[in-house]
2 protein chains.
Amino acid sequence: MQREDAIFRALGDPSRRAIYERLARGEAPVKDLAARFEISQPAISQHLAKLRGVGLVSERREGRFVYYQVEPEGLRPLIDWIAHYRAFWPERVNRLRKLLKEMDE
Amino acid sequence: MQREDAIFRALGDPSRRAIYERLARGEAPVKDLAARFEISQPAISQHLAKLRGVGLVSERREGRFVYYQVEPEGLRPLIDWIAHYRAFWPERVNRLRKLLKEMDE
DNA sequence: CATTTAAATAAGCACGCGCTTATACGTCGG
DNA sequence: CCGACGTATAAGCGCGTGCTTATTTAAATG
């Protein structure tokens, strides 16, 4: 229940969240990310280090390439935190319920 | 789907999230918050302004007191964002499903 | 009314963050 | 081997952020 700060902060940066969203569609080496986004390769590496530091992302080394991918358990602290305060937004729960039902097809 | 930055950032600060969590247990005037937390009253007001700015909190004025309360719809962008990436953590969905069932009693 | 109380705003400061360029490290290909 | 490539790390810079104290505004109280 503590130290979700880092996860919130990690996703609070637009570039970093964009990188995470990109990785959510499939793993990618740093080079590809650096090509897709307009910031420099070091900036990408720094963002990846932070995402990795909070468990949102993991790496897979292959030769001189480093492939990054989304870590499924990474969002758990966020979900748990939100779930903990679910009593205070009952309508949201219903919406979530609908979302889950939509998945059942 | 855009500008969740502010919400992530708003909840990324420990003091601010603590204030939000406190308000989730019931509305409170600024004075009470300033008494409970160790930071100054202006700091509290500044945090409340940011929480209010992103729709996480709302105010109710009564005389010279200003009562703040959690805005139920405030977490919606967060939930929607997470829900959008739900495909990448199927086990989490099951956990949420369990939580929702637990609520049904 | 004058004073006190609740809250917001202003101004300033220290620190962290995101970015850059430069450099180092490791791996592959000629 | 040697040079190029992929990535990480180092160092520095500008700016935003969270805090403080001081001040302002507004409402209750004597």
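As a basis for the values below, the full set of heavy atoms in this structure was taken, side chains included, without hydrogen atoms, waters or symmetry mates. In what follows, chains carry the letters A, B, and so on, assigned in the order in which the sequence lines appear, proteins first and then strands, with residues in each chain numbered from 1.
The K50(B) side chain lies nearest to dG18(D) when the options are dT20(D), dG18(D), dG18(C).
Between D5(A) and D13(B) there is no side-chain heavy-atom pair separated by less than 4.5 Å. Taking the side chain as every heavy atom from C-beta outward, F8(A) and V54(A) never approach each other to under 4.5 Å.
For dT20(C), one of the phosphate oxygens OP1 or OP2 lies less than 4.0 angstrom from a side-chain nitrogen or oxygen of S40(A). Listed pair S15(A) / dC19(C) meets the phosphate criterion, a side-chain N or O lying under 4.0 Å from OP1 or OP2.
Paired with L56(A) under the rule side-chain contact (heavy atoms from CB on, under 4.5 Å), one option of L48(A), L11(A), V70(A) passes, and it is L11(A).
Under a 3.5 Å cut-off, the side chain of R60(B) and the backbone N or O of Y67(B) do not form any donor-acceptor pair.
In this structure, CZ of F37(B) is placed 18 Å from C1' of dT20(D), rounded to the nearest angstrom. When the P atom of dC17(C) is taken as reference, atom CG of D5(A) falls 11 Å away, rounded to whole Å. The NE2-P distance, from H47(A) to dC17(C), rounds to 12 Å in whole Å.
For the residue pair S15(B) and I39(B), the shortest heavy atom distance occurs at CB-CD1, 4.3 Å.
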Sugar-phosphate means primed atoms, P, OP1 and OP2; the rest is base. With that split, encode nucleotides 6-16 of chain C 5' to 3' as B, S or - using protein heavy atoms under 4.0 Å. SBBBB------
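If you find the closest nucleotide of DNA chain C to D13(A) and to E62(A), the one lying nearer the 5' end belongs to D13(A).
Among residue pairs with one or both ends in residues 40-49 of chain A, those qualifying as side chain to side chain donor-acceptor pair (under 3.5 Å) are R16(A)-H47(A), Q41(A)-S45(A); sequence neighbours excluded.
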